[in-house]
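Model, not experiment: these values are computed from the prediction. What's counted below: heavy atoms across the whole structure, side chains too, no hydrogens, waters or symmetry copies.
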Amino acid sequence: MSDLIAALILGVVEGLTEFLPISSTGHLILAGAALGFNDERGKVFEIVIQTGAMLAVVWEYRARFFRVDVALYRNLVVAFIPAAVIGLALSSFIKSYLFKPVPVALAFIVGGVVILAVERMSLKARVQDTRSMTWLDALKVGIAQCFALIPGTSRSGATIIGGMLFGLSRKAATEFSFFLAVPTLVAAGLYDLWKNRSLLSASDAGVFAVGSIAAFISAFVVIRWLIRYVANHDFRPFAWYRIVFGLLVLATRYFGGVHWTT
């Protein structure tokens, strides 16, 4: 398979999964392993295409981002700090031991069970929209985001489900998860690109461009769809998808059918 086709597939995977509670990192690790695109160059590629997905949020919510909104900026900074601190402290351990199909598959299953458990609760929303969030609400969501440092957990899943547990409405939690993706993905991307700058090559520009554009378009579609979806539906279908997908990965890992290279 050519690198451009692999880039297109992985870009679509990134865009479709970044903002759904099913883990984009987990899907990229598994897809990269299946496509044989999971070497050090492939990991840099994954960092780059996240920018495409992030730009989809900025474009969709440009009216909020490109105006002075002190409360939003404050909440994003507060929510970003916990995962940034813990991520810096544990990044080497996480990448060495958890960026593999089996740990990711287990995280898929556990995350699905957690979503099912939360959806069975009778939660009452205290905060109906993101404009009503306090800095303390943002901090709680930021703490929930720390669980997403475990590959396969899902950044959006951790922040949305965490937000709902802490009193945010389903719509408010989903929108704030979108907003929080911007500083989180930008900071993580810049940090990883700096660490892996020796792997950057002008010859990869075409591959990066294809992946980023595919991620932008697919993420834009998902963002618009998800906001409409949460108005009348819960996250149980995503939970069952996570559980079934995780079990399928474990089955192919232990009984054959797919040659996982990590």
Out of curiosity, I9 CD1 to L4 CG, how far, rounded to the nearest 0.5 Å?
->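 Answer rounded to 0.5 Å: 11.5 Å.
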How long is the gap from CD1 on I227 to NZ on K171, to the nearest 0.5 Å?
->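 Atom-to-atom, I227:CD1 and K171:NZ are 5.5 Å apart.
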Judged by modelled atom types alone, do [X] and [Y] share a side-chain donor-acceptor pair under 3.5 Å?
X: R242; Y: S23; result: no
X: T17; Y: S24; result: no
X: S156; Y: E18; result: no

Would you say D3 and F45 make side-chain contact, with heavy atoms under 4.5 Å?
->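 Answer no - side chains too far apart.
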Less than 4.5 Å apart, any side-chain heavy atom of V118 and any of L123?
-> yes
Do [X] and [Y] sit within salt-bridge range, that is, some charged N less than 4.0 Å from a carboxylate O?
X: E119; Y: R170; answer: yes
X: D69; Y: R131; answer: no
X: R236; Y: D234; answer: yes

For [X], look at atom [atom1] and say whether over 12 heavy atoms of other residues, nucleotides or ligands are found less than 6.0 Å away.
X: F147; atom1: CZ; result: no
X: W59; atom1: CH2; result: no
X: R62; atom1: CZ; result: yes

Exactly one candidate in F65, F19, Y73 meets ring-ring contact (aromatic ring centres under 6.0 Å, His included) with F179; the answer is F65
Without swapping roles, check the side chain of [X] against the backbone of [Y] for a donor-acceptor pair under 3.5 Å.
X: R74; Y: T134; answer: no
X: T252; Y: V249; answer: yes
X: T159; Y: S177; answer: no
X: S132; Y: Q128; answer: no

How close do E14 and I49 get, heavy atom to heavy atom, and via which atoms?
-> CB-CD1, 3.7 Å
Between G26 and V104, the two heavy atoms sitting closest are CA-CG1, 3.5 Å
Pair H27 and F108, ring centroids less than 6.0 Å apart = yes
Answer yes if the ring centres of F245 and F238 are under 6.0 angstrom apart, and no otherwise.
-> no
